[in-house]
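Every number for a ligand or one of its atoms is a count from 1 in the order of the listing.
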Amino acid sequence: MDTVHAPSPRPLNVHAPAAPLSGAVTVPGDKSISHRALMFAALARGETHISGLLEGEDVLRTADAMRALGATVVRTGPGAWHVTGRGIGQLQEPADVLDMGNSGTAARLLSGILASHGIFSVMTGDASLRGRPMKRVTDPLAATGATFLSRAGGRLPLAIRGVADPAPLTYRLPVASAQVKSAVLLAGLNAAGTTRVEEPVATRDHTENMLRHFGAHVTVEPLGAGGRTITLAGRPDLVARDVVVPGDPSSAAFVLVAALVVPGSAVTVRGVGLNPLRTGLFTTLREMGADLRLSNERIEGGEPVGDLTAIAGPLHGVDVPADRAPSMIDEYPVLAVAAAHAAGPSRFRGLEELRVKESDRLAATVALLERNGVAVQVVGDDMIVTGTGGAVPGGGVVETRMDHRLAMSATVLGLTASAPVGVDDTAFIDTSFPGFIALMNGIGAGLAP
Ligand SMILES: O=C(O)C1=C[C@@H](OP(=O)(O)O)[C@@H](O)[C@H](O)C1
Ligand SMILES: C=C(OP(=O)(O)O)C(=O)O
């Protein structure tokens, strides 16, 4: 199995470029929105046309899974996909194991769909995904009547005996996770009655937005300070709708941070998704003194989008509150790289969720910085980075641990290191940002394997 998902390692040795980075680029489509577009289109009646779909490994696994469940999924051009759905409750039993590769989003969201169909299925993934917790979704989903069998600790492979008439759930999220919220809501699509999810801290709301777009009745009400209660009326008539996927702000992050830290640089990323529940990094970078300019703001496919220009300049340390974490949860490794260049200490609070990503990102980010001469410590669930106020020493080899975001963060670190930075494997970058190295070279990074 891992022969499929453990591609040959692609090591990279990163040197600081001779000249500043410059240019205007677009990054691939948003990963969260791309997974959802394929899944919801497969559950809708009729043919959905998706443009700007991320063609990264994670999303391709979702496309394969929806095909295995009986939807027709066809690529008609770069980023252009047509999906003919089967309707809620109408997905067919897959004939084989569903392999979700490296993707937590694919596995967790799909578990909600599989649990709420009267079919048997088995999901697995690569060594990284097989190490990630699934009880966070199977515990609430068990109350629908579905049954689950898994390895110890609720790890994949996971066998699911779904139910055709799932009970509607009311669930308060014990962790701030859009994946868990989405799994519960997706199970609620085939439940007779109202599904209710309470999230004490708001997480990305692409599921709510896109379900509405396809015709579901979803309400969102405030809950306490910063939380939300989401309700979904079961068994809606989901109808095919076109989806336009914006550029992924989590991918734009690497390009923009690189431009901020390579002296003299100015780079624009066009068409970046700016959903306020995804933009914590941009807020934080501005607090650090970054010159980050927004232009051409518009609404595209129901999501706010704009062009972001990053202009290099001095950064200073910052204290990031824990309640901002969900709006930038995937951006901490590259934020740590920005903090390594900033003058003075930065503290990032409440990072416990980083321990259960594609790797233990808290430990891996510490190792990335320490190996390259940057002082960093973990206190409880907080990370404290002591910035140099300029270039970092470098000279280390970074272990990327099957984690795309570590590979890209290490690459960005190398662009301003005094000694070259080794990256043991860049192959996993393809899960979320195919073409990353070519795109970086297009703005002058000069990366050569
Ligand atoms: O719902 C989503 O699309 C995602 C939610 C986040 O995970 P959690 O729900 O585990 O926080 C994020 O880290 C992941 O990259 C994508
Ligand atoms: C955590 C991530 O994704 P997933 O959970 O889908 O594997 C990510 O892309 O950083």
Side-chain angles (χ1 to χ4, degrees), residues 5 28-40 54 56-62 65 100-112 123 125-137 140 156 173-186 197 199 201-211 230 245 248-254 273 275 277-278 280-281 303 324-335 350-362 364-365 400-409 428-434 436:
H5 290 300
D30 189 275
K31 178 158 70 70
S32 293
I33 295 176
S34 295
H35 284 299
R36 287 162 172 81
L38 291 170
M39 289 183 193
F40 301 179
L54 167 63
E57 287 298 324
D58 278 17
V59 175
L60 297 178
R61 296 285 74 77
T62 291
M100 307 323 297
N102 193 248
S103 177
T105 309
R108 303 232 179 80
L109 270 59
L110 203 56
S111 66
M123 267 197 294
D126 70 10
S128 159
L129 186 59
R130 280 183 274 119
R132 294 177 68 184
M134 291 296 287
K135 275 172 77 65
R136 55 178 53 202
V137 287
L156 299 182
L173 295 185
V175 285
S177 167
Q179 293 177 2
V180 178
K181 169 177 66 178
S182 301
V184 171
L185 290 172
L186 291 179
V197 182
E199 47 176 11
V201 183
T203 65
R204 66 190 68 191
D205 59 358
H206 305 303
T207 294
E208 298 88 307
N209 296 343
M210 204 184 293
L211 282 178
I230 300 111
V245 183
D248 196 327
S250 299
S251 297
F254 299 100
N275 180 309
L277 292 168
R278 296 288 300 281
L281 176 76
E303 293 273 350
R324 196 182 292 166
S327 69
M328 53 184 298
I329 193 65
D330 296 337
E331 281 66 81
Y332 284 100
V334 77
L335 175 62
L351 303 189
E352 62 274 16
E353 276 296 299
L354 292 196
R355 295 196 171 94
V356 292
K357 296 298 180 184
E358 283 82 330
S359 67
D360 176 344
R361 281 189 185 154
L362 201 49
T365 303
T400 53
R401 309 178 189 199
M402 304 181 83
D403 192 329
H404 53 132
R405 306 227 184 260
L406 289 173
M408 290 186 274
S409 299
F428 281 86
I429 293 175
D430 290 351
T431 61
S432 69
F433 199 157
F436 170 72

Are any of the N/O atoms in Glu353 less than 3.5 Å from those in ligand 1?
no

Check ligand 2 against His404 and write out every atom of the ligand that is under 4.0 Å from a heavy-atom position of the residue.
8 (C), 9 (O), 10 (O)

For ligand 2, is Gln179 a contact, meaning one of its heavy atoms is under 4.0 Å away?
yes

Using a 3.5 Å distance criterion without hydrogens, assess whether the side chain of Arg130 forms a donor-acceptor pair with backbone atoms of Gly125.
yes

Does this structure show an ion pair linking Arg361 with Asp330, if we count only N-O contacts that are shorter than 4.0 Å?
yes

Looking only at distances, can you tell me whether any N or O atom of Ile329, backbone or side chain, sits closer than 3.5 Å to an N or O atom of ligand 1?
no

Classify the side-chain pair Ser128/Glu358 by whether it contains a donor and acceptor separated by less than 3.5 Å.
no

Determine, using heavy atoms of Asn102 and all atoms of ligand 2, whether some pair is separated by less than 4.0 Å.
yes

Ligand-side contact atoms (ligand 2) for residue partner Lys357, heavy atom cut-off under 4.0 Å
1 (C)

Going by the 4.0 angstrom heavy-atom rule, the piece of Arg204 near ligand 1 is side chain

Does ligand 1 come near enough to Arg405 that some N or O of the ligand is less than 3.5 Å from an N or O of the residue?
no

So which protein heavy atom does atom 6 (O) of ligand 2 come closest to, and at what separation?
Thr105 OG1, 2.5 Å

For Ala178, the ligand 1 atoms with a heavy-atom partner under 4.0 Å come out as 1 (O), 9 (O)

Between Glu353 and Ser177: side-chain donor-acceptor atoms closer than 3.5 Å:
no

Does the Thr203 side chain pair with the main chain of Pro326, one donor and one acceptor, at a distance under 3.5 Å?
no

Do ligand 1 and Ser182 have nitrogen or oxygen atoms that lie under 3.5 Å from each other?
no

Hey, does Ser103 sit under 4.0 Å from ligand 2 if you only count heavy atoms?
yes

In ligand 2, which numbered atoms sit nearer than 4.0 Å to a non-hydrogen atom of Gly104?
4 (P), 5 (O), 6 (O), 7 (O)

Using distance alone, with no hydrogens and no angle criterion, decide if Glu57 and His404 have a side-chain donor and acceptor under 3.5 Å apart.
no

For ligand 1, which part of His35 has a heavy atom less than 4.0 Å away: the side chain, the backbone, both, or neither?
neither

Check each atom of ligand 1 against the heavy atoms of Lys31 and keep those under 4.0 Å away; list them by number with element.
15 (O)

Counting heavy atoms only, name the option from Arg132, Arg361, Glu358 that's nearest to atom 5 (O) of ligand 2.
Arg132

Nearest-contact summary for atom 10 (O) of ligand 2 - protein heavy atom, Å
Arg405 NE, 2.6 Å

Checking His206 against Ser32: is there a side-chain donor and acceptor pair closer than 3.5 Å?
no

For atom 4 (C) of ligand 1, the closest protein heavy atom turns out to be Gln179 NE2, 3.6 Å

Looking at atom 16 (C) of ligand 1, what's its closest protein heavy atom, distance included?
Thr105 OG1, 3.4 Å

Which ligand 1 atoms does Ser32 reach within 4.0 Å, using its non-hydrogen atoms?
2 (C), 3 (O), 4 (C), 16 (C)

State, without any angle test, whether Ser327 and Arg278 hold a side-chain donor-acceptor pair at a distance under 3.5 Å.
no

Hey, does the side chain of Asp248 reach the backbone of Lys31 with a donor-acceptor pair shorter than 3.5 angstrom?
yes

Give me the nearest non-hydrogen protein atom to atom 1 (O) of ligand 1 as residue plus atom name, then the distance to 0.1 Å.
Arg36 NH2, 2.7 Å

Can an N or O of Lys31 be found at a distance shorter than 3.5 Å from an N or O of ligand 2?
yes

Does Glu208 offer a backbone N or O that forms a donor-acceptor pair with the side chain of Asp205 under 3.5 Å?
no

So does Leu277 get a backbone contact from the side chain of Arg204, meaning a donor-acceptor N/O pair under 3.5 Å?
no

Atoms of ligand 1 less than 4.0 Å from Asp330 heavy atoms?
12 (C), 13 (O), 14 (C), 15 (O)

Considering only non-hydrogen protein atoms, determine which one is nearest to atom 9 (O) of ligand 1 and report residue, atom name and distance to 0.1 Å.
Ser177 OG, 2.7 Å

Using a 4.0 Å cut-off to any heavy atom of Lys357, which atoms of ligand 1 qualify?
6 (C), 7 (O), 8 (P), 10 (O), 11 (O), 12 (C), 13 (O)

Note: His35, heavy atoms under 4.0 Å from ligand 2, region reported as neither

Just by distance, with hydrogens left out, do Thr207 and Arg36 show a side-chain donor and acceptor under 3.5 Å apart?
yes

